[in-house]
Amino acid sequence: MKYWLLKSEPEVYSIDHLKKDHQTDWEGVRNYLARNYMMKEMSLGDLCFFYHSNSDPAGITGVAKVSRQAEPDLLQFNKKSEFYDQKSTRQNPRWFCVQIQFVKKFKNLISLARLKQEYALQKMALVQKGQRLSVQPVSQTEFDFILSIAEAGSRPRLDQSVSEN
DNA sequence: GCCAACGTTGGC
DNA sequence: GCCAACGTTGGC
């Protein structure tokens with residue numbers, strides 16, 4: 001099992017869209033490295049952080065899982081699509097996408113600023129300067145660490161209410 | 001809106 | 001195959 005991070009602009013497609021749709025084809029990726037991750041390395045059941053980019057605040061909003069392995073991205077054949085690719089043929093498609101399924105939305109988004117503050121995540125791809133790949137691998141350690149932040153953040157602060165009395 | 005970082009294109 | 005020019009991403 002591998003772990004990933006998928007970026008999406010929430011105004012285009014947010015975690016709430018995914019929750020509503022239940023599952024979606026991750027189409028429109030037009031970067032070879034990102035494509036190769038989807039095509040060659042993603043397997044059924046792999047877990048993905050769902051990241052909102054170009055938003056305020058930017059950050060990780062939840063989890064999805066790979067529900068179908070990579071298949072040709074049909075938008076590349078659609079002349080009306082902004083993702084149409086003249087050089088791609090059905091016999092030899094250039095772009096592929098996986099299908100992902102909603103798993104959960106975090107009660108609170110984990111902001112990029114917060115992630116950058118975490119010593120344990122210093123090496124994470126997402127927090128590196130200039131990192132703009134829309135499909136990124138995440139290590140199991142990073143994945144577990146971030147999940148623990150999400151779960152801690154969604155639990156009532158019992159410790160605080162006790163100490164106040 | 002700015003701009004740094006990165007990817008792609010195309011002339012040579 | 002090099003690299004300048006251009007386009008895109010995405011944080012700030």
Side-chain angles (χ1 to χ4, degrees), chain A residues 2-21 24-42 46-66 70-100 102-139 141-143 145-150 152-153:
Chain A
K2 291 201 178 90
Y3 302 92
W4 306 94
L5 180 141
L6 305 176
K7 291 186 186 175
S8 185
E9 298 190 19
E11 288 183 9
V12 178
Y13 197 87
S14 72
I15 186 95
D16 292 319
H17 289 119
L18 179 61
K19 187 175 183 180
K20 183 163 156 268
D21 294 346
T24 193
D25 291 335
W26 205 244
E27 38 191 21
V29 173
R30 294 292 180 269
N31 170 285
Y32 287 105
L33 189 50
R35 179 204 69 175
N36 290 346
Y37 282 139
M38 285 200 286
M39 228 174 116
K40 299 176 181 172
E41 298 201 37
M42 274 193 190
D46 280 3
L47 294 175
C48 311
F49 282 133
F50 197 101
Y51 179 87
H52 283 181
S53 63
N54 250 321
S55 64
D56 191 17
I60 297 174
T61 57
V63 179
K65 76 174 173 192
V66 177
E71 287 184 12
D73 178 341
L74 297 177
L75 296 181
Q76 70 196 302
F77 308 124
N78 181 352
K79 284 186 180 168
K80 288 179 183 164
S81 169
E82 61 173 311
F83 298 110
Y84 174 67
D85 187 336
Q86 201 174 5
K87 293 178 184 166
S88 188
T89 63
R90 288 190 185 264
Q91 290 70 34
N92 188 18
R94 178 180 292 196
W95 304 109
F96 286 73
C97 64
V98 295
Q99 182 190 68
I100 59 167
F102 178 80
V103 173
K104 68 170 138 185
K105 178 183 176 180
F106 294 154
K107 190 164 185 183
N108 300 112
L109 168 148
I110 307 172
S111 72
L112 179 61
R114 167 77 197 276
L115 295 169
K116 283 182 170 171
Q117 283 170 9
E118 296 292 347
Y119 181 78
L121 300 176
Q122 276 187 328
K123 300 216 170 122
M124 188 182 184
L126 181 72
V127 306
Q128 306 310 311
K129 195 174 182 183
Q131 181 54 263
R132 46 179 223 187
L133 197 61
S134 66
V135 177
Q136 303 180 357
V138 174
S139 75
T141 311
E142 290 159 355
F143 193 89
F145 183 83
I146 292 168
L147 262 196
S148 73
I149 294 177

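Just so it is clear: chains get the letters A, B, ... in the order the sequence lines come, proteins before strands, and each one is counted from 1.
Other residues, nucleotides and ligands contribute over 12 non-hydrogen atoms within 6.0 Å of the CD atom of A/Q122.
OP1 or OP2 of C/dG10 sits under 4.0 Å from a side-chain N or O of A/K7. Regarding contacts with the backbone of C/dC12, a side-chain N or O of A/K116 is found under 4.0 angstrom from either OP1 or OP2. Under 4.0 angstrom from either OP1 or OP2 of C/dT9 there lies no side-chain N or O belonging to A/Y51.
With C/dT9, C/dG11, B/dA4 as the choices, the nucleotide that has an atom nearest any side-chain atom of A/R132 turns out to be C/dT9.
One can place CG of A/L133 at 9 Å from P of C/dG10, the figure rounded to the nearest angstrom. Distance A/H52 NE2 to C/dC12 C1': 19 Å, rounded to the nearest Å. One can place CZ of A/R35 at 10 Å from P of B/dT8, the figure rounded to the nearest angstrom. The distance between atom OH of A/Y32 and atom C1' of C/dT9, rounded to the nearest whole Å, is 18 Å. Atom-to-atom, CG of A/L5 to P of C/dG10 comes out at 11 Å; the value is rounded to the nearest Å. Taking atom NZ of residue A/K87 and atom P of nucleotide B/dT8, one finds them 12 Å apart after rounding to whole Å. One interatomic measurement links the two molecules: CG of A/N54 to P of C/dG11, which rounds to 6 Å at whole-angstrom precision.
In this structure, A/Y13 and A/W26 have perpendicular ring planes: the angle between them is above 60°, well past the 30° mark.
Looking at heavy atoms from C-beta onward, A/W95 lies in side-chain contact with A/Y32 at the 4.5 angstrom threshold.
Within 4.0 Å (heavy atoms only), A/L33 reaches no atom of the nucleic acid at all.
With respect to A/Y51, the side-chain contact (heavy atoms from CB on, under 4.5 Å) criterion is satisfied by exactly one of A/I15, A/L6, A/I60: A/I60.
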